[in-house]
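Beneath this line is the structure, given in structure tokens, with notes to follow.
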Amino acid sequence: QIISGYYDPTILVDSGVTRYMVRLGVTDPIDESDLGKGADLSGMDLRRADLTNARLREADLSDADLSNAELVDADLADADLSNADLSNAEVTNAELLRADLTNADLTGAELINVRLEDTTLSYADFTEADLLNAELSGADFSDADFSDADLTRSDFHRTDLTYTDLSGVYLASANFTNADLRNIDLSSAYLADAIFMNADLRDADLSDADLHNADLQTDDFSDADLTGAILNGAVTYNDAGKCSASKQVLIGKGAIINK
């Protein structure tokens, strides 16, 4: 049965697998066939829609309004979410592998345990977003905004974060193994217990960052700014006992090491 509308009520769509609460826009009809792999929902008004467990792989959601929507456990792999509004959306445990979120608005969004591997996030706005335990390896973060975001225990291994601004961001226990962090701004970031194994930190700004107990087993500190950075308890030796960056070198760069 096709359910469609042109006003602005909330309509329950039952696909036989999952029930979706869909808020219709003024001019955007929607029916059961709209919700599935490869669906075309571009530009649609889906504010406060309940799309829990939705299967929207390869869907076109570009320019869609998904603000305050429920997308818990949704499958959005390979979806086009460019210019979409996901502000304050609940996206916990969702899969967004290889999705395009260019210029998407994710301010205040809940992205706990979300999978964003190999995703395009250039110019996306993550201001005040919660990305606890997010899988972000291989994603493109060029010019993304993470102001006041929580990225605790997020996984950035083998990710290109060159020129990304993560200043003041909470990144406790984040994993930057083999990441490209050249020219990254991590000034005043909280990086306790973070892992930088074999990361490239050339020309990185780590001034006033808290790196206590961090794993800094990397040789690429060339021209990094460590002025005022706290490195108490940080590991700077590899498994073979070879010093990746001596305490004297780090202190010479302005780091604070009390023990």
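In this chain, residues are counted from 1 in sequence order.
A donor-acceptor pair under 3.5 Å is formed between the side chain of D45 and the backbone N or O of R47. A donor-acceptor pair under 3.5 Å links the side-chain atoms of D160 to the main chain of T162, judged by distance alone. Listed for the T52 side chain is no donor-acceptor partner under 3.5 Å among the backbone atoms of A74. Side-chain atoms of D40 come within 3.5 Å of backbone atoms of S42 as a donor-acceptor pair (strictly under, hydrogens ignored).
In this structure S167 satisfies the side chain to side chain contact (heavy atoms under 4.5 Å, CB included) test together with D165, D185, S187, sequence neighbours excluded. In this structure E117 satisfies the salt bridge (Lys or Arg N to Asp or Glu O under 4.0 Å) test together with R115, sequence neighbours excluded. Listed by chain and number, the residues in a salt bridge (Lys or Arg N to Asp or Glu O under 4.0 Å) with D75 are R57 (sequence neighbours excluded).
Side-chain contact between F126 and L131: present, with at least one pair of heavy atoms (C-beta onward) separated by less than 4.5 Å. Side-chain atoms of L81 and D100, non-hydrogen and from C-beta on, never get closer than 4.5 Å to each other. Side-chain contact between T152 and L171 is absent, with no heavy atoms from C-beta onward closer than 4.5 Å.
A salt bridge links R98 with D78: the closest approach of a Lys/Arg side-chain nitrogen to an acidic carboxylate oxygen falls below 4.0 angstrom. Contact check on R158 versus D118 returns a salt bridge, with a Lys/Arg side-chain nitrogen under 4.0 Å from an Asp/Glu carboxylate oxygen.
Between F196 and F176, the ring planes are parallel. Angles under 30° get that label, and only those over 60° would be called perpendicular.
Under the side chain to side chain contact (heavy atoms under 4.5 Å, CB included) test applied with L151, the options D130, L136, L132 reduce to a single match, L136.
For A149 against V169, the heavy-atom pair with the smallest separation is O-CG1, 3.4 Å.
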